[in-house]
Protein chains: 2
Amino acid sequence: MSSRTSDRNPCPVSQLMTMLSGPWTMYILWILSTVGPTRFGALRRQVEGISTKMLTERLRMLEQEGIVNRHYEPTVPPQVTYSLTERAGELVAILDQLNGLAQRWYGPAAPDAAPCLPTATPQELTL
Amino acid sequence: MSSRTSDRNPCPVSQLMTMLSGPWTMYILWILSTVGPTRFGALRRQVEGISTKMLTERLRMLEQEGIVNRHYEPTVPPQVTYSLTERAGELVAILDQLNGLAQRWYGPAAPDAAPCLPTATPQELTL
DNA sequence: CCGAATCCGAGAAGATACTG
DNA sequence: CAGTATCTTCTCGGATTCGG
């Protein structure tokens with residue numbers, strides 16, 4: 001009954017926020033930006049806790065938005081590598097600032113954990 | 001069964017992203033930053049489509065995170081006003097940049113719609 | 001009257017097994 | 001290895017009710 005994605009085209013920010021607010025979206029972008037082009041399986045291992053279903057779904061969405069590139073290599077076994085587009089650079093820059101902010105608020109991260117993985121799914125932060 | 005919010009304290013960015021990725025969170029912050037301190041009912045009308053339950057829930061979370069202030073005025077009828085804390089300023093600055101980015105990508109917003117309201121719920125952007 | 005808590009249904013996200 | 005299908009689980013959201 002409520003609105004679907006293309007009911008109207010209300011406002012740019014809203015559109016962008018809606019995308020980023022999608023489950024796992026930020027994490028995927030963050031991982032791709034820190035570890036560079038990554039294959040599907042590796043990506044799934046990096047974004048700890050994500051299901052294959054969610055990962056494909058989000059990647060498809062990000063691909064449609066022009067944020068990630070999907071490179072299919074028909075070897076045996078096949079290899080699919082995902083990477084950030086040029087457009088994504090601006091977005092990642094903002095995520096970087098978010099990182100800086102988080103460090104100031106919660107203290108710096110342990111220097112070991114490579115790209116800082118999530119523990120809880122976005123939905124679980126209800127407190 | 002899976003992880004709850006306080007399982008570990010993994011990484012600052014992750015924590016912050018998890019909070020922002022929560023449903024409606026960004027919209028609420030955006031509205032509060034653009035229209036200033038707002039009462040519950042008005043806020044609910046601004047964040048179009050949100051239920052009172054979700055709004056209370058999110059506001060409680062944001063309050064615990066030190067992002068919003070809750071001011072209760074025991075008049076008749078009672079008035080509860082929510083406003084951004086000082087800490088939220090840094091966060092809003094980032095949202096502002098997100099706004100700029102969105103304008104470059106999707107074109108500028110119509111100058112009328114005050115703070116750009118969402119149409120779809122965050123969960124609905126599955127494409 | 002304004003704001004918060006409760007119950008229940010719809011629909012999304014998680015887990016697992018399976019296919020190309 | 002990459003992705004899909006299916007089933008289960010549980011969050012989200014609406015209406016109603018309670019409290020001040």
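The model shown is predicted, which means the values in this text are computed figures rather than measured ones. We name chains A, B, ... by the order of the sequence lines, and we start the count at 1 in each one. Keep in mind that the numbers below use all heavy atoms, side chains included, and drop hydrogens, waters and symmetry copies.
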TODO: Assign A:R39 to base, sugar-phosphate, or nothing according to its heavy-atom contacts below 4.0 angstrom with the strands shown.
DONE: sugar-phosphate

Open item on the list: Side chains of A:E90 and B:W105 only: does a donor on one sit below 3.5 Å from an acceptor on the other?
Closed with: yes

- [ ] Determine whether the side chains of B:S21 and A:Y27 contain a donor N or O and an acceptor N or O closer than 3.5 Å.
- [x]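 Their side chains do not contain a donor-acceptor pair, so the 3.5 Å distance test is not met.
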
Find the distance [X]:[atom1] to [N]:[atom2] and express it as a whole number of Å.
{"X": "B:R58", "N": "D:dT11", "atom1": "CZ", "atom2": "P", "value": "12 Å"}
{"X": "A:M54", "N": "D:dA2", "atom1": "CE", "atom2": "P", "value": "19 Å"}
{"X": "A:H71", "N": "D:dG3", "atom1": "NE2", "atom2": "P", "value": "13 Å"}
{"X": "B:L55", "N": "D:dA15", "atom1": "CG", "atom2": "P", "value": "16 Å"}
{"X": "A:E48", "N": "C:dG14", "atom1": "CD", "atom2": "C1'", "value": "15 Å"}
{"X": "A:R44", "N": "D:dA2", "atom1": "CZ", "atom2": "P", "value": "9 Å"}
{"X": "A:E57", "N": "C:dG11", "atom1": "CD", "atom2": "P", "value": "16 Å"}

Task: Any B:L98 side-chain heavy atom under 4.5 Å of A:L20 side chain - done: yes

- [ ] Could you say whether A:S51 or A:P78 is positioned toward the 5' end of DNA chain C, judged by the nucleotide with the nearest heavy atom to each?
- [x] A:S51

Open item on the list: If you only use heavy atoms from C-beta on, which nucleotide in C:dC1, D:dC12, D:dC1 is closest to the side chain of B:P77?
Closed with: C:dC1

Task: Distance, nearest 0.5 Å, that separates CG of A:L91 from CE of A:M26 - done: 8.0 Å

Open item on the list: Rounded to the nearest 0.5 Å, what separates atom NZ in B:K53 from atom CD in B:E57?
Closed with: 6.5 Å

- [ ] Return no unless some side-chain N or O of A:W24 is found under 4.0 Å from OP1 or OP2 of C:dG14.
- [x] yes

Open item on the list: Can you build the contact string for nucleotides 4-10 of chain C? Use B for base contact, S for sugar-phosphate-only contact, and - for no protein heavy atom under 4.0 Å.
Closed with: SSBB---

- [ ] List in chain and number order the residues that pass side chain to side chain contact (heavy atoms under 4.5 Å, CB included) with A:A42, two or more places apart in sequence or in another chain; answer none if no residue qualifies.
- [x] A:T38, A:R45

Atom pairs and distances, side-chain donor-acceptor, residues 75-83 of chain A, under 3.5 Å, sequence neighbours left out:
from: A:T75; atom 1: OG1; to: A:P77; atom 2: O; distance (Å): 2.6
from: A:Y82; atom 1: OH; to: A:R70; atom 2: NE; distance (Å): 3.4

